[in-house]
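Take a look at the structure set out below.
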There are 2 protein chains.
Amino acid sequence: MLHEEVVGRIRAILLDGEIPPGARIPERELCERLEISRTPLREALKVLAAEGLVQLLPHRGSRAAKLTDKDMRDLFEVCQGLEALAGELACERITDAEIDEIAAAHADMVRHYSEGDLIQYYRGNRAIHEAIVTAAGNPALTSLYASVTARIRRARYVTPMTPQRWALAVKEHEAILNALQRRDGVGLAHILRAHLRHKREEVLQAGFAETEGNDVTLRIA
Amino acid sequence: MLHEEVVGRIRAILLDGEIPPGARIPERELCERLEISRTPLREALKVLAAEGLVQLLPHRGSRAAKLTDKDMRDLFEVCQGLEALAGELACERITDAEIDEIAAAHADMVRHYSEGDLIQYYRGNRAIHEAIVTAAGNPALTSLYASVTARIRRARYVTPMTPQRWALAVKEHEAILNALQRRDGVGLAHILRAHLRHKREEVLQAGFAETEGNDVTLRIA
DNA sequence: TTTTGCATTTTTGAATGCAAAATCTGCGAT
DNA sequence: ATCGCAGATTTTGCATTCAAAAATGCAAAA
């Protein structure tokens, strides 16, 4: 198994919440499960620690990182900046074909909305945001975005929504698609910022930060 | 020696250009120099690879990362986004004391400019940009900014400038300080973006990308 | 019953050793 | 002289081993 694969598998385990935020990461167990020795596992944990997904405590092992309200707010703020930038760049560089794909993904997502399927809705939602970032044609931005969103993914794409908020989100996505089709970079940036600000408020209001005694895993189970 | 210290020392070696972009990283030598064994060194290299400073080639060791023109452009673009965001946030949150410090740093920098001391000028310049980012009060943003700027630092803070460009840069910095003092977030974001766009043009025009046969180390020596 | 001090156990962090892969070297063929 | 190839050498990646630090358990004292 390649180094990158090890990192990816552990990242998936963390993002799935299989090891919940704050929990200790059982080195020996993971070694057995991935059928590797401690050396490559520890290399991967150090990388994930640099990404912010793992917290290393010297001489006390590693834990799945836990985000405070402040952390969450900060990361959403950065995410807003990155998506706004991506939106502006995407409007300059996106191809008609890419726009069509996003439009199709949007239609799909709206369908899931009208069917009340939150899981599928979120899946489509995420695909759209990622497609916009990809369309910016800036791999450095894409990978930074990936690492930031990974840390807030569970909060962002798992929080339950009230019907009002959900309806608003869908409306905002209409505007997002519209701005893209008009290639209105500044407008798109504004909408994306507002969209994420609303999502952030939602998440924080729901008390979704991964603080002590606030286990996301249980909530979404 | 602690893990973070190892990472820091190697990062410094790379940023100083002691191991020039594209050059192989001599594992054994570094081990001896840092007086550690290969295990912690390799852990650090994996982390630096995740940061983009090191390129890992499976079964072929690691090299100091080399940036193409496109990489450089992309990173500057992201940096623009991050600094613009930081500027907006800083205007909301910066204290009067912090503004005074930045004003002092600015005055210092202008003095170095009038003395023609490019090195000191760049040092002050960097301090100002970093202070603005810090004033945004968002550690997630700060650390992301640090990792992005690290990759373009040598290009950004080493490129020689024509008198015209230097004068323009100083003018822009006047405007930056002014916007900060007026706490004009939107204005500051605009100026910062333009400032960085100019710097990027400078760097790319100077052919400063770390491509084959384009060794930055030699140029600045 | 609770707390404190000590010995034991467990776990972490790093060095070493080993097998596989890549690179280098030298020799012969064209 | 150059190219190609077989063997030797080096380097990489990982498993194992070893020492140090922390956690745990237990007994004795308050």
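As the structure is a computational prediction, the values presented were derived from the model and not from experiment. The chains referred to below are lettered A, B, ... by the order of the sequence lines, with proteins before strands, and numbering in each begins at 1.
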**Message:** Among residues 3-13 of chain A, which ones have heavy-atom contacts with DNA chain D below 4.0 Å?
**Reply:** none
**Message:** Taking ring-ring contact (aromatic ring centres under 6.0 Å, His included) as the definition, give me every residue that meets it alongside B:H3, ordered by chain and number, with sequence neighbours left out.
**Reply:** none
**Prompt:** Tell me the salt bridge (Lys or Arg N to Asp or Glu O under 4.0 Å) pairs involving residues 75-86 of chain B, sequence neighbours left out?
**Reply:** A:R93-B:E77, B:E77-B:R200, B:E83-B:R156
**Prompt:** Can you check whether B:L82 reaches B:V133 side chain to side chain, under 4.5 Å on heavy atoms?
**Reply:** no
**Prompt:** Who passes side-chain contact (heavy atoms from CB on, under 4.5 Å) against B:A50, sequence neighbours left out?
**Reply:** A:V47
**Message:** What residues from residues 29-56 of chain A pass a heavy-atom cutoff of under 4.0 Å to DNA chain D?
**Reply:** A:I36, A:S37, A:T39, A:P40
**Asked** Whole Å only: how far is the CZ atom of B:R60 from the C1' atom of C:dT23?
**Response** 10 Å
**Asked** In degrees, rounded to 10°, what is the bend between the two ends of the helix from C:dT1-D:dA30 to C:dT30-D:dA1, using five pairs at each?
**Response** 10°
**Request:** Not counting sequence neighbours, which residues clear salt bridge (Lys or Arg N to Asp or Glu O under 4.0 Å) with A:R183? List them please.
**Result:** A:D96
Can you give each donor-acceptor pair under 3.5 Å made by side-chain atoms of residues 100-109 of chain B, sequence neighbours left out, with the distance rounded to 0.1 Å?
residue: B:H106; atom: NE2; partner: B:E174; partner atom: OE1; Å: 3.4
residue: B:D108; atom: OD1; partner: B:R111; partner atom: NH2; Å: 3.4

**Asked** In chain order, what residues pass the salt bridge (Lys or Arg N to Asp or Glu O under 4.0 Å) check against A:R193, with sequence neighbours excluded?
**Response** none
**Item:** Along DNA chain D, first and last positions that approach a heavy atom of chain A under 4.0 Å
**Value:** D:dC14 to D:dA23
**Fill in**
Sorted by chain and residue number, the ring-ring contact (aromatic ring centres under 6.0 Å, His included) partners of B:H195 (sequence neighbours excluded) come out as B:H129, B:H173
**Item:** Phosphate contact (C:dT12 OP1 or OP2) by A:R24 side-chain N/O below 4.0 Å
**Value:** yes
**Request:** With sequence neighbours left out, write down each residue that passes salt bridge (Lys or Arg N to Asp or Glu O under 4.0 Å) with B:R33, or none if nothing qualifies.
**Result:** B:E18
